[in-house]
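A, B, ... follow the sequence lines: proteins, then strands. Residue 1 opens every chain.
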2 protein chains.
Amino acid sequence: MPELDVIDRKILFYLQNDSRLTMQELADKVGLSVSPCHRRVKLLEERGVISRYIATVDQKALGLHVSVFISIKLARQKEEDLNRFARAISKWDEVLECYLMTGNRDYLLRVVAADLASYETFLKTKLTRLDGIASIESSFALSQVKYSIALPV
Amino acid sequence: MPELDVIDRKILFYLQNDSRLTMQELADKVGLSVSPCHRRVKLLEERGVISRYIATVDQKALGLHVSVFISIKLARQKEEDLNRFARAISKWDEVLECYLMTGNRDYLLRVVAADLASYETFLKTKLTRLDGIASIESSFALSQVKYSIALPV
DNA sequence: CGGTTATTGGTATGATATCCCAATATCTGC
DNA sequence: GCAGATATTGGGATATCATACCAATAACCG
């Protein structure tokens, strides 16, 4: 696995902010001509450094006004229990992020919903119906101060 | 602001997963021909429903092995204090997400770093140097069970 | 310093986005 | 239920762009 040089990192920097740049524009920004720039981008894709290209959608425009962080503790933490929980979580579109955590809470989830009522529905019909959950604690986000997908390069 | 109909939502669904679909492919998936599909996409962009197009980069490939959630309490919560904190946070590339929260913690941050040493550097040279912070509590993510940018449509 | 390998830049080709106009469908008032 | 008006659709033409190829340059190594 070859290292990422400074030009590769520049490419990642710009594409993380705007993937609709033309090869010409991107090449200009990173100081290459179109051909080598294109080749590098394809290589980054093949190596999985660039994993996908996506459109980001405005949460408010979709009417999703509620963001919740949920801390979850499982009754048991055997690998089998963890895997079962992870599989269930992954199916639900409301759950955007889920992390296995250190400390006295096992999982941290970020969930979005249209309003408190639909969040309640999510809890009642999905989350609390899972077996093996010892405790659930919801914290609500009043506002999103920063949200970025762009990793530091 | 016109409502999003079922076709608009299908467009958002597919573009949130892969923005490199050609108009022909997207049109086929949502059951339109290319022209109206293209017009709808442009309209969604102009209305800000689609906010941007980006490339997602693999965190491990960049060597960013540490994900941390940081709970922060400020000494005072006047609007001026909150704004000052938000401005500082927003400048730092290591901070990918920041939320103003309900409950007894004011902010929740998600921060990435290469390793514990560079996380410590972030804490010492940036976060703890801010004025008006009453307490900081770090929780480390052992693994990312789910990470999605795709909002439910 | 000479030979080898990797990287670059320019050009040609094919695919795709984008625009325009006619046709169709939907809506509205009577 | 119908006629006019409005919004939406579909197809074709054009311009833009991605992509592949090949020669030239630069970096590397004994």
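At distances below 3.5 Å, not a single donor-acceptor pair connects side-chain atoms of Gln16(B) with backbone N or O atoms of Phe13(B). Using a distance-only test at 3.5 Å, with no hydrogens or angles considered, no donor-acceptor pair links the side chain of Lys73(B) to the main chain of Asp106(B).
Rounded to an integer number of Å, the gap from Tyr53(A) OH to dA18(D) C1' is 12 Å. To the nearest angstrom, C1' of dG10(D) lies 16 Å from CG of Leu26(B). Separating the CD atom of Gln24(A) from the P atom of dT19(D) is a distance of 14 Å, rounded to the nearest angstrom. A straight line from NZ of Lys42(B) to C1' of dT16(C) spans 12 Å, rounded to a whole angstrom. Rounded to whole angstrom, the span from the CD1 atom of Ile11(B) across to the P atom of dA17(C) amounts to 13 Å. Regarding Ile50(A), its CD1 atom lies at a distance of 13 Å from the P atom of dA18(D), rounded to whole Å. Residue Met23(A) contributes atom CE, which lies 11 Å from atom P of dA20(D) at whole-angstrom precision. Atom CG in Asp5(A) sits roughly 12 Å away from atom P in dC28(D) (whole-Å rounding).
For the contact set between residues 14-22 of chain A and DNA chain C, defined by any heavy atom under 4.0 Å, there are no members. Of the residues in residues 28-40 of chain A, Leu32(A), Ser33(A), Ser35(A), Pro36(A), Arg39(A), Arg40(A) come within less than 4.0 Å of DNA chain C through at least one heavy atom, sorted by number.
Under the 4.5 Å side-chain contact rule for hydrophobic residues, Val57(A) and Val41(B) share a cluster.
Residues Leu44(A) and Leu12(A) are in side-chain contact: their nearest non-hydrogen atoms beyond the backbone lie under 4.5 Å apart. Side-chain atoms of Leu108(A) and Cys98(A), non-hydrogen and from C-beta on, never get closer than 4.5 Å to each other. In this structure, the side chains of Leu100(A) and Phe140(B) stay at 4.5 Å or more apart for every pair of heavy atoms.
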Could you go through Asp18(A) and Arg52(B), starting from their C-alpha distance and side-chain angles, then the distance that decides it, and tell me whether this counts as salt bridge (Lys or Arg N to Asp or Glu O under 4.0 Å)? CA-CA 7 Å; Asp18(A) 182 6; Arg52(B) 40 208 313 230; over 6 Å; no
Evaluate the criterion salt bridge (Lys or Arg N to Asp or Glu O under 4.0 Å) for residue pair Arg84(B) and Asp81(B); output intermediate values, then yes/no. CA-CA 5 Å; Arg84(B) 200 156 45 89; Asp81(B) 300 302; 3.6 Å; yes
With side chain to side chain donor-acceptor pair (under 3.5 Å) as the criterion, how do Gln24(B) and Asp28(B) come out once you've worked through the C-alpha distance, each side chain's angles and the decisive distance to 0.1 Å? CA-CA 6 Å; Gln24(B) 187 63 63; Asp28(B) 290 347; 3.3 Å; yes
